[in-house]
Amino acid sequence: MNCFATYEECSSSEEEFEQVVGSRMCSVPYDKGDSACRAYCACGKPLKRVAKLPDHAVLLACSSSSQCNRCDDAILAGELHFRCSQCGDTRVCKNCGPGVYIGSTFDIFDKATGELAMQDVPSKVLHYRTSRQAARAAKKTRGVAIGSERTDAMALKAAEQVVENACGLMKEVHDDEEDISDNDWFHEDTLLRLLGASSRAEAMETSKLLIVGATRIFAAGPTLQEVKAPCKIFGDTHGQLRDVLLLFGCFGFPGTVDCPVVVFNGDLVDRGAHQVELLMMIFALKIAMPDKVFINRGNHEDAHMNLKYGFHKSVIQAMGPEQGPAIFEMIGNAFSYLPLATRINDKILVVHGGIGDGKWNVHDLREVKRPLHHPDLQKDSNHWIWNLLWSDPIEDDEGSSSSGVFGVHSSPRGKMACKFGWNVTQ
């Protein structure tokens, strides 16, 4: 029975095997012989363990799920499984691999003593794949590893606290008799007050929760959002937290009777004095009220733009030089999953830029796959998507001749962007 010692080393650190160090399992009876015990792949090679990604790696760019060669069940992206180093097409799920492909007993081979023993299977390693798989499939999203329910609950709790704090700030700003610009409205502890944090370290942890929670909502949602009127649309907020709070005070806080549904139409960051604060508040609103708060992507929801126009600097200043770069990258990933448009009552299309040359339709918009990073947006095939973020309508009184009003024209925003006349909209 020394065949067990030839198996590939399998980590015993996983929860279900924490009490069984050096275990070796075999699904075939002894009378089948040593070769049958070792032949986990048809080629005769032992299967190698493909480790599950750590829980904190919540943002991935994984391939789609593969299929187990033994039970035909799906192996989700990032999930523990086994493969053969010689046969590239062989994939075996966790429940069918060397660690679990067993009946009611398993073999332990002690390398130190050379002893072999049979033991009953611990109850916590019994198969639970079917129920777990069904639960995960319901939450499966493209390119995003679904985190734990505990993470969801923590993000929601943090978001609700931020929303409550934002309401308090809104009342303060609305009742302030002095009218000043957002750039002149400065309080050193604004971010801490908004996040309900007592230190920068606590603010960073809360920010991470909000970023992860919002990213997962964006990735699971459609590229074209559908909403019902009445709703209010806020565009180009550019980090101007005080101005947005004033608007809430005048037109209603999101989710209230006065403002039941709100659409933030892109350009949330860059230029303004409170970019991180505003973004965290909007992310919190989305997590706390996902069916009442909607966000479109703008041309400034792009790391390439953020490096030029101030958001990167704002994140580093708020989060510090050690953690700031990582948080900036997390936010960039969140931006790459943002929806591109919102349609109100099946009639009104809301995009940050414009319709470009108009040579696309709503179905094309629904079929856009995300994430979309800056290089993706600049591909020739995505020229029309670029113009959803960058193109501008030509004003009726622009130019003295009809050639300056009708059709599609070049834009000062760059060679990929364009300006379009009213006839293109028609």
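In this structure, W384 and L365 have side chains that are in contact, with non-hydrogen atoms separated by less than 4.5 Å. The shortest distance between side-chain heavy atoms of T223 and E367 does not fall below 4.5 Å. In this structure the side chain of Q240 never reaches within 4.5 angstrom of the side chain of L278, judged on heavy atoms. Within the 4.5 Å cutoff, the side chain of F283 has no heavy atoms near those of the K286 side chain. Contact annotation: the side chain of I385 never approaches that of W360 to less than 4.5 Å [non-hydrogen atoms, C-beta and beyond]. Counting heavy atoms from C-beta on, the side chains of Q225 and I344 never come closer than 4.5 Å. Side-chain contact between V244 and M281: present, with at least one pair of heavy atoms (C-beta onward) separated by less than 4.5 Å. Counting heavy atoms from C-beta on, the side chains of L279 and F335 come closer than 4.5 Å.
Checking side-chain atoms of D376 against main-chain N and O of H373 turns up a donor-acceptor pair under 3.5 Å. Side-chain atoms of E301 come within 3.5 Å of backbone atoms of D267 as a donor-acceptor pair (strictly under, hydrogens ignored). The backbone N or O of T237 lies less than 3.5 Å from no partner atom in the side chain of D243, so there is not a single donor-acceptor pair. For the pair R242 (side chain) and D184 (backbone), a donor-acceptor distance under 3.5 Å is absent.
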- Kindly determine whether D364 and N361 satisfy side chain to side chain contact (heavy atoms under 4.5 Å, CB included), including the steps that lead there. CA-CA 5 Å; D364 297 328; N361 56 41; 3.2 Å; yes
- Task: Mind running side chain to side chain contact (heavy atoms under 4.5 Å, CB included) on W185 and V173 for me, showing each step along the way?
- Result: CA-CA 10 Å; W185 180 67; V173 170; 3.8 Å; yes
- Task: Before giving the answer on side chain to side chain contact (heavy atoms under 4.5 Å, CB included), spell out for L372 and L340 the whole-Å C-alpha distance, their side-chain angles and the decisive distance to 0.1 Å.
- Result: CA-CA 10 Å; L372 288 170; L340 298 175; 4.2 Å; yes
- Task: Before giving the answer on side chain to side chain contact (heavy atoms under 4.5 Å, CB included), spell out for N345 and K228 the whole-Å C-alpha distance, their side-chain angles and the decisive distance to 0.1 Å.
- Result: CA-CA 5 Å; N345 284 1; K228 297 294 183 183; 3.5 Å; yes
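Of the candidates D270, L389, V269, D270 is the only one forming a side chain to side chain contact (heavy atoms under 4.5 Å, CB included) with M305.
Residues E277 and R193 are not paired through a salt bridge, judged by the lack of any N-O separation under 4.0 Å between the basic side chain and the carboxylate.
Residues N296 and A341 approach most closely at OD1-C, 3.2 Å, considering heavy atoms. Nearest approach of A159 to A288, heavy atoms of both residues: CB-N, 4.1 Å. Here the closest heavy-atom approach between residue P339 and residue F218 is recorded as CD-CD2, 4.4 Å. For the residue pair R297 and S336, the shortest heavy atom distance occurs at NH1-CA, 3.7 Å. For the pair N265 and V351, the tightest heavy-atom approach, listed with the atom from each and the gap, is ND2-O, 3.2 Å. The two residues V162 and M280 have their closest heavy-atom pair at CG1-O, 4.3 Å.
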In residues 204-214, what donor-acceptor pairs under 3.5 Å come from side-chain atoms, sequence neighbours left out?
| residue | atom | partner | partner atom | Å |
| --- | --- | --- | --- | --- |
| T206 | OG1 | E202 | O | 3.1 |
| S207 | OG | A203 | O | 2.8 |
| K208 | NZ | Q323 | OE1 | 3.1 |

Side chains of residues 313-322: which donor-acceptor partners sit under 3.5 Å, not counting sequence neighbours?
| residue | atom | partner | partner atom | Å |
| --- | --- | --- | --- | --- |
| S314 | OG | Q275 | NE2 | 3.2 |
| S314 | OG | G310 | O | 3.1 |

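Under the 30°/60° scheme for interplanar angles, the aromatic rings of H238 and H300 are found to stand perpendicular. Between F253 and F248, the ring planes lie perpendicular to each other; the angle is over 60°, past the 30° to 60° tilted range.
Here the NZ-NE2 distance, from K171 to H174, works out to 12.0 Å after rounding to the nearest 0.5 Å. Separating the CG atom in L338 from the OG1 atom in T215 is a distance of 8.5 Å, to the nearest 0.5 Å. If you take CE on M170 and CG on D175, they are separated by 9.0 Å, rounding to the nearest 0.5 Å. To the nearest 0.5 Å, the span separating NE2 on H304 from CG on N306 amounts to 10.5 Å. Rounding to the nearest 0.5 Å gives a distance of 10.5 Å between CZ of F251 and CG of L246. Taken from NE2 in H274 to CG in L245, the straight-line distance is 9.5 Å, to the nearest 0.5 Å.
Judged purely by distance below 3.5 Å, without hydrogens or angles, the side chains of N165 and Q161 pair a donor atom with an acceptor atom. Between H374 and D302, the side chains place a donor N or O and an acceptor N or O closer than 3.5 Å (distance only, hydrogens not considered).
Every residue two or more places apart in sequence or in another chain was checked for a side-chain hydrogen bond (donor to acceptor under 3.5 Å, both in side chains) with R200, and none qualifies.
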